[in-house]
Amino acid sequence: MRDETRIVHSGRDPARFEGVVNPPVLHASTILARNLSDWEERRRRRAQDLPGTYYGLMGTATTRSLEQVLAELEGAHRAIVFPSGLAACVVPLLTFVAAGDHVLITDSVYGPTRRFAEHTLARLGVATTFYDPLVGHGIEALVRPTTRAVFVESPGSLTFEVQDVPAIAEVAHRRGATVIMDNTWATPLCFRALDHGVDVSVHAVTKYVGGHSDLILGAAAATKAAWPALQTIAYELGQCAGPDDVYLAQRGVRTMHVRLERHWATGLALAEWLAHQPEVERVLHPGLPGDPGHALWNRDFKGGSGLFGAVLKPIGRPALEAFFDGFRLFGIGASWGGYESLIVPVDLGGLRTATRWPHPGPAIRIHAGLEAPEDLVADLAAAFARLRAAR
Ligand SMILES: *Cc1c(COP(=O)(O)O)cnc(C)c1O
């Protein structure tokens, strides 16, 4: 079965729900057993991690629908949903480390994941080394006898460096560490993380799976070996997600392949257009042939999303304000992956410790939505005209 087919059919069972195409939205805490034996059977199945329901915290048919399609897309043993993408990033880290251990995290990691390591992991006695995202096999020199986990994110969601995930995973596994990847940018449709050596692939479902800027949710998909520990710790930490958001994500995922193609094509068109503007120092997009990450992206990825960056040549505050204030289509706001276009200034202050960001000018991040590319180019062109007039 191809991914496009899988995404439509997997995790749905209309026959179980009177023929209704989508799973029901089950609002549940208590789930009643028919009798004593049924109660005992449900408890036994829960203890042995067999399919079934026992208590709302552990999920229902609504939850399983989303978990199953995400697991199948990743080629994973199982997937589990989390109340946010951030929870899906930090619970796997907590799963595989203990006091006295060491983790390696890419310097390009999502900011809140970095702060979790610097603050909470440090407080629990876990040491973190942030490494150059372009380190590749060179990560070997940073591995300690206590290194238990290596965290990758490719491309980084602010600066878009592509990592050599198979090379990093090879070293990590040889040295006994678990590989966790934030795979939000590519989604499993464009990067099958587990096929490239990742043990736990993490997603902010908030972004492309949800796809409509109306929910917060995360998920992690794991290999058979990594699954039991991940599930145990997720339950111990009381992680679960509400059925309405899970349902919306389940609905969103059914069209993700079609949406992503459009996000990708429009993002690439905008990136190419930006590369020709004299005020642009550099475009950060691994799909552009001149990008430093292009060869690796070409080798490992089947496509990508509509999120990319650019660095402007140094300008003053009035010109930057003129550029941002006046967009008709691009919104200024956090997150991405919805149907609408976004643009934000990127502040890397405090977000780099292993590498130095070389560009003095302001960086921007663009999410290409599903609008007509011509209209988006016109909105950007007007912004550059405002910038020039304010200089
Ligand atoms: C948004 C995001 C997250 C966190 O997702 P939330 O659902 O907002 O908690 C994690 N990683 C990346 C790369 C993201 O863009």
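Note that the structure is a prediction, hence the values are computed from the model and not measured. Both ligands and their constituent atoms are indexed starting at 1 by order of listing. For the numbers below, each heavy atom of this structure counts, side chains included, while hydrogens, waters and symmetry mates do not.
Residue contact check: T206 has heavy atoms under 4.0 Å from atoms 6 (P), 7 (O) of ligand 1. Taking every non-hydrogen atom of S157 and a distance limit under 4.0 Å, the qualifying atoms of ligand 1 come out as 13 (C). Here is the list of ligand 1 atoms found below 4.0 Å of a heavy atom in K207: 1 (C), 2 (C), 3 (C), 14 (C), 15 (O). Those atoms of ligand 1 that come under 4.0 Å of a heavy atom in W336, given as number and element, are 15 (O). Heavy-atom proximity to A204, at under 4.0 Å, picks out these atoms of ligand 1: 2 (C), 3 (C), 4 (C), 5 (O).
Remark: V90 engages L86, F116 in a side-chain contact (heavy atoms from CB on, under 4.5 Å) (not counting sequence neighbours). Not a single side-chain contact (heavy atoms from CB on, under 4.5 Å) links V20 to another residue, sequence neighbours left out.
For the pair R114 and F130, the cation-pi criterion (under 6.0 Å, within 45° of the ring axis) is fulfilled.
Ligand 1 has no atom lying under 4.0 Å from any heavy atom of W185.
Closest to atom 11 (N) of ligand 1 by heavy atom, among V202, D182, L215, T184, is D182.
In L86, the parts holding a heavy atom less than 4.0 Å from any atom of ligand 1 are both the side chain and the backbone.
Considering S154, P155, P292 in turn, P155 is the only one that fulfils the side chain to side chain contact (heavy atoms under 4.5 Å, CB included) rule with F160.
In terms of protein heavy-atom proximity, atom 6 (P) of ligand 1 is nearest to G85 N, 3.4 Å. Scanning the protein for heavy atoms near atom 8 (O) of ligand 1, the closest one is Y110 OH, 4.1 Å.
Looking at R259, its side chain does come within 3.5 Å of a backbone N or O of G252 through a donor-acceptor pair. No side-chain donor-acceptor contact under 3.5 Å links E67 to the backbone of R78.
Within the 4.5 Å cutoff, the side chain of F327 has heavy atoms near those of the L380 side chain.
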